[in-house]
Trainee: 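My questions will all concern the structure given below.
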Protein chains: 4
Amino acid sequence: MDKAHYHGGRPRSEQARAAILNAADDLLVEVGYAAMTMKGISEKAGVSRQTVYRWWSHKAEILFEASAADAEEELATSLTGDPLDDLAAYLEALVRFLAHSPAGAAYRALLGEAQHDSAVAELLSAKDPLGDSARVVIERALGKDTLPVPLDQATALLIGPSFFWILSGRDPVQLVPRQLAEDFIRDLQSRQSR
Amino acid sequence: MDKAHYHGGRPRSEQARAAILNAADDLLVEVGYAAMTMKGISEKAGVSRQTVYRWWSHKAEILFEASAADAEEELATSLTGDPLDDLAAYLEALVRFLAHSPAGAAYRALLGEAQHDSAVAELLSAKDPLGDSARVVIERALGKDTLPVPLDQATALLIGPSFFWILSGRDPVQLVPRQLAEDFIRDLQSRQSR
Amino acid sequence: MDKAHYHGGRPRSEQARAAILNAADDLLVEVGYAAMTMKGISEKAGVSRQTVYRWWSHKAEILFEASAADAEEELATSLTGDPLDDLAAYLEALVRFLAHSPAGAAYRALLGEAQHDSAVAELLSAKDPLGDSARVVIERALGKDTLPVPLDQATALLIGPSFFWILSGRDPVQLVPRQLAEDFIRDLQSRQSR
Amino acid sequence: MDKAHYHGGRPRSEQARAAILNAADDLLVEVGYAAMTMKGISEKAGVSRQTVYRWWSHKAEILFEASAADAEEELATSLTGDPLDDLAAYLEALVRFLAHSPAGAAYRALLGEAQHDSAVAELLSAKDPLGDSARVVIERALGKDTLPVPLDQATALLIGPSFFWILSGRDPVQLVPRQLAEDFIRDLQSRQSR
DNA sequence: CTGTAAACGAGACGGTACGTCATGTCTTTTT
DNA sequence: AAAAAGACATGACGTACCGTCTCGTTTACAG
C-alpha cells in the first residue's frame, strides 16, 4: 500500500487540481479579480463546479494556493555578502513583484479582500509571503542578534514605504530601492547607537 | 432664480441623498463591505433603487462620499510647535483611523477594491486622504523648503511602516508612533547632512 | 385609473405570462412531465428564471394554469335532450380527454404528482375539471332533485370505471361509453325504486 | 456448488438487498415519494451507491419490489360463501389499502409516476395488484362463466368508483363498500337479463 | 394657475453567479 | 465478481443582486 491513510474511494484527481489552479491564474490576468468567479474557474478548467467547491470554498483560497509558490520564488534572494546590495536587491524584487508580476497582482487582490473578509485575512496571516521573505533577508544581511528592534518591526520599516507607495497607486518608477535600503540600515544603526 | 442652470423638473431631494449616505455608513459597520449591496443601501435608506443609481454608479462611490469628510477630520492635526510632538500625534491619529475608526474601515475597503478595480483606484487617487493629511503635517512640522526629499516620498517614509503594519493584519498595539516619528526625523536629517 | 388596486411599479408583462404558459404546454408534449423543468420552461419562453418563480412556485402550478382552460373546454358538453345520449357523449369526451388530449396528459401528470405532493393535491381539489364537468352533466341530464345519491357520489359511479381503466394503463378502445352510460342510469333507477 | 450458473466472484449480498428494500419502505413513510432518492436509500441502507444501481435502475423499481408482497397480502380475501359479503369485504380492504396503508401509498405513488414514465407503466402492467386481486374475488364470488361481461371490464366496474374517489383526493370515509358491492351485483344481473 | 419636466416610489424584467443537491459513472482497495 | 468508499461531470434547484425598464405620483419653476 502506497498511500499512508487510505480510506477507500477514488483518489483525488491531480489533473483536476492543476487545471483549477491554472485556470485561476489565467483568469486573474485575463479578466481581473473582481470578474473572476467560481463558475468561470470551473468552466475554464473543464471541471465540474462541485469539484471546485469540494476542495476550496472561496476564489481567494484558490488564488492563494495558485500564486503562493510563485510569490515565494519571486521574493527569494541570493546573497552577495554586502548588506546594502542584498537589501537593495530585495527591495527591487519586492517592487517588481508588487507592481508588475501576476503573482503580485494576486497578492494585492487578496490583501484587498482581506480588508473586508476575515477568512481571507486569516489565509494571509497564516502564510505571509512579504513578511517571511523580508525576515529572511534582514536576518541574513544584518545578523539576527545585532538588531536593536524586534525583527517584525524591522520588516515594517524596510517594506513599509514601498508597500504604501504601490498600494496607494503611485508610480513605482519613482521608487529608489538603493536609497530606501540605505535609509533602513542607517536607521537601525542610529537606533543601536543610542 | 437661485440655481444657475435650471432646466425644469423636480429638484434633487437632499433628504434622499443624506439617507443614502447614512445607510451606506451604517451598513459598512453592520454587515461589512462585502455584504453591502446597492439594493441593501436603497432599502435601508427607504429610497428607490433607481434613485441610488441616478447619482452613483458603485457602492464604492457612495462609501467614498459618505466617509471622505470623516476621514479628513480624523486625520487633521493641531500644531504644538514641536515637530516631534506633531508628527507623533499625527501617526497616532493615523493608526487610530486605520485600525479602529469606521471611516478608516471604509478607507481600507476602498483601497482594497482599488487593487482590482481601476474605477475605485481613480476615485482614491483623485482625493487621497492619507497623502493629503501627511503632506500638510510634514510641511508644517518641518518646513516645506528644508526637505532633502520630494514631499511625496517623505510621506511614504512617514506613513509606510504603520500602513503596512495594519494593512497586513498585524496588531496595531505594537506600533510606537513616537519612535517612528523620531526615526523619520533622524532619517531626513542624515540625508540632509550628506 | 384603469387598474383597481395599482400600487406602483412596472405592470406585469402579459407577454411573459403567455410565453411561459405556452412553453409549459409545449414542453409537456415534447419531453414529458418528468423532463420538464423550471429552467427549461424559462429558457423556452425566453424569460428569466426569476420571472417564472415570481408568479409560480412549481411546474405543476404552471401546467395547471396552462391546461385548465383546455380541460374545461374539452369536457364541456352540449345537450341533446336525451339523458342517455348526453351521458354517453360525455363519457366519450372524457375518454378522449384522458387518453388522447394533451390537456388530459397534463391532468394525468398532475393527478400523479398529487399522489405524493400535497401542494399539487390542493391545487387539484381547488378546481377539479373532472368532478366539475361530471356534476354539470349529471344535473342537466337527470335533474338535480331526482337523484337518489349525493351528486358527488354519482360522479364517482359515472366516471370511476373509465378513470380506472385509463389510469391503470389499459387500452381505451375497449371502453364502451354508451354501455357505461346505460349502466349508470339503470343503477340510479334501481336505487331509486327501493 | 449451490448456484446454478456460478461464474466466479463474490456472491450477491442478501443482507444488502434486504437493507435496501427496507430503507425504501421506511423512506416512503418518513419523507414521501418525491423526497426519496437513490442516494438517500443507499445511505439509509448503509450500502454503497453503486450496489443499489447494480441491481435496480429506478427508485420506482425498488419501491415496487419492496411493496409488492405487502400489497398482495393486504388485498387478499377470505371467502364467506356469500357473494355480497365477499365483494363488500374486498372493497373495504381495497379502500383501506389505497387510503391508509403504506403499501397503498407506494402503489399510488407508482401509479402516479406511471402517468408520465413509461418504464414505471410497464412495471405496473406486468404485475397489477389491484386488477389481479379483483379478478380473483369476482371469479370466486360470482363464478367465472356466468359473467355477462369480460372479466377485466367487470373489475373496472367494481374498483372504478372507489379508485377514482381516493385518487382524486376525496374523503374515503364517505365511501360505502357494501352499497357499491350491491350496485355491482345488480348491474351485472340486469345486464344478464337483457 | 397651468404646463412641463425631472426626481421619485414601486416593482417587474433579463441576466448571471451563487452554493447545494441528486444523478449515474468512474476508480481504487478490500472481501 | 461484489462491495464500500468517495471523486467526478452533469445539470437543475431556488435565491440574490445586478442594472434597466416602465408605470403613476410628486414637486419645482416658467409662462
Side-chain angles (χ1 to χ4, degrees), chain A residues 1-3 6-13 15-17 35-43 46-55 57-59, chain B residues 1-3 6-13 15-17 35-40 42-43 46-55 57-59, chain C residues 1-3 6-13 15-17 35-43 45-55 57-59, chain D residues 6-13 15-16 35-43 46-55 57-59:
Chain A
M1 203 193 305
D2 232 27
K3 285 287 180 62
Y6 182 78
H7 283 306
R10 179 178 180 172
R12 175 172 182 183
S13 159
Q15 186 184 338
R17 180 181 165 276
M36 191 176 142
T37 67
M38 293 295 260
K39 194 189 181 210
I41 293 172
S42 72
E43 284 172 358
V47 141
S48 112
R49 214 126 61 83
Q50 187 66 48
T51 297
V52 179
Y53 280 111
R54 204 186 328 268
W55 304 108
S57 26
H58 314 108
K59 62 176 176 178
Chain B
M1 204 194 302
D2 234 27
K3 287 286 180 61
Y6 182 78
H7 286 304
R10 180 176 178 174
R12 176 171 183 184
S13 158
Q15 186 184 336
R17 180 181 166 277
M36 191 176 141
T37 67
M38 293 295 260
K39 195 191 180 207
S42 73
E43 284 171 357
V47 142
S48 128
R49 211 125 63 83
Q50 189 67 34
T51 298
V52 179
Y53 281 110
R54 191 162 7 240
W55 306 108
S57 29
H58 314 108
K59 63 175 175 178
Chain C
M1 205 194 304
D2 233 28
K3 286 285 179 62
Y6 183 79
H7 282 306
R10 181 176 178 173
R12 176 173 182 184
S13 159
Q15 186 184 337
R17 181 181 165 277
M36 191 176 141
T37 67
M38 292 296 260
K39 192 187 182 214
I41 293 172
S42 72
E43 283 171 359
V47 141
S48 112
R49 214 126 62 83
Q50 187 66 47
T51 297
V52 179
Y53 280 109
R54 199 178 341 258
W55 304 107
S57 25
H58 313 108
K59 63 176 175 177
Chain D
Y6 184 80
H7 285 304
R10 180 176 179 175
R12 175 173 183 183
S13 159
Q15 186 184 338
M36 190 176 142
T37 67
M38 294 295 261
K39 195 188 179 208
I41 293 172
S42 72
E43 284 171 359
V47 143
S48 127
R49 214 124 61 82
Q50 189 66 41
T51 300
V52 179
Y53 281 110
R54 200 174 345 254
W55 305 108
S57 30
H58 314 108
K59 64 175 175 177

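Numbered from 1 within each chain, the chains take letters A, B, ... in sequence-line order. All values below were derived from every heavy atom in this structure, side-chain atoms included, with hydrogens, water molecules and symmetry-related copies excluded.
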Trainee: For the CD atom of Glu43(A) and the OG atom of Ser48(A), what is their distance to the nearest 0.5 Å?
Mentor: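 OG of Ser48(A) is found 11.0 Å from CD of Glu43(A).
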Trainee: Tell me the interatomic distance from Tyr53(B), atom OH, to dC21(F), atom P, rounded to whole angstroms.
Mentor: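 Result: 13 Å.
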Trainee: NA contact type, Gly40(B), heavy-atom cut-off 4.0 Å: base, sugar-phosphate, or nothing?
Mentor: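 If one applies the 4.0 Å heavy-atom cut-off, Gly40(B) turns out to touch nothing in the nucleic acid.
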Trainee: Rounded off to whole Å, could you give me the CZ-to-C1' distance for the Arg49(C) and dT16(E) pair?
Mentor: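 Arg49(C) atom CZ is separated from dT16(E) atom C1' by 9 Å.
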Trainee: Which comes earlier along DNA chain F counting from the 5' end, the contact point of Ser48(D) or that of His58(B), where each point is its nearest nucleotide?
Mentor: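 Residue closer to the 5' terminus by nearest nucleotide: Ser48(D).
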Trainee: Map Met36(B) and Gly9(C) onto DNA chain F by nearest heavy atom, then report which one ends up closer to the 5' terminus.
Mentor: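 Result: Met36(B).
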Trainee: Suppose we call a contact any N or O donor and acceptor under 3.5 Å apart; does that hold for the side chain of Arg10(B) and the base of dA7(E)?
Mentor: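 Such a pair is found, so the answer is yes.
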Trainee: So, under a plain 3.5 Å distance rule, would you say the side chain of Gln50(B) forms a donor-acceptor pair with the base of dC21(F)?
Mentor: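 Check passes, donor-acceptor contact within cut-off.
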Trainee: Sequence neighbours excluded, which residues qualify as side chain to side chain contact (heavy atoms under 4.5 Å, CB included) partners of Arg17(B)?
Mentor: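 Result, side chain to side chain contact (heavy atoms under 4.5 Å, CB included) vs Arg17(B): Arg12(B), Glu14(B), Leu21(B), Trp56(B), Glu65(B).
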Trainee: Between Ala35(D) and Ser13(B), which is nearer to the 5' end of DNA chain E once each is assigned its nearest nucleotide?
Mentor: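 This one resolves to Ser13(B).
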Trainee: Roughly how many Å is it from NZ in Lys59(D) to C1' in dC21(E), rounded to a whole number?
Mentor: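 These atoms are roughly 14 Å apart.
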Trainee: Taking 4.0 Å as the cut-off, does a side-chain nitrogen or oxygen of Trp55(B) come that near to OP1 or OP2 on dC8(E)?
Mentor: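 For Trp55(B), the contact criterion (side-chain N or O under 4.0 Å from OP1 or OP2 of dC8(E)) is met.
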Trainee: Could you check how far CZ of Arg54(C) sits from P of dC17(F), rounded to whole Å?
Mentor: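 Computing the Arg54(C):CZ to dC17(F):P distance gives 14 Å.
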Trainee: How close or far is atom P of dT20(E) from atom NZ of Lys39(A), stated in whole angstroms?
Mentor: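 Rounding to the nearest Å, NZ of Lys39(A) and P of dT20(E) are 17 Å apart.
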Trainee: Does dA9(F) have OP1 or OP2 under 4.0 Å away from a side-chain N or O of Thr51(A)?
Mentor: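 So the side-chain polar atoms of Thr51(A) do come within 4.0 Å of the phosphate oxygens OP1 or OP2 of dA9(F), strictly under.
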Trainee: Rounding to a whole Å, what distance do you find between Gln15(C):CD and dA12(E):C1'?
Mentor: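 For the pair Gln15(C) CD and dA12(E) C1', the rounded distance is 13 Å.
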Trainee: To check you understand the geometry: which heavy-atom pair defines the closest contact between Lys59(C) and Met38(C), and what is its length?
Mentor: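 Taking Lys59(C) first and Met38(C) second, the nearest heavy atoms are N-SD, 3.7 Å.
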Trainee: Can you measure Glu43(D) atom CD to dA22(E) atom P for me and round it to whole angstrom units?
Mentor: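 Between P of dA22(E) and CD of Glu43(D): 8 Å.
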Trainee: Among the nucleotides dC8(F), dA3(F), dC13(E), which one has an atom lying closest to any side-chain atom of Ala16(A)?
Mentor: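 Nearest to the side chain of Ala16(A) among the choices is dC8(F).
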Trainee: Considering only side-chain heavy atoms of Val47(C), which listed nucleotide, dG14(E), dC13(E), dC17(F), is closest?
Mentor: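 So the nucleotide nearest the side chain must be dG14(E).
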Trainee: Ile41(A) CD1 to dA17(E) C1': how many Å, rounded?
Mentor: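 Computing the Ile41(A):CD1 to dA17(E):C1' distance gives 12 Å.
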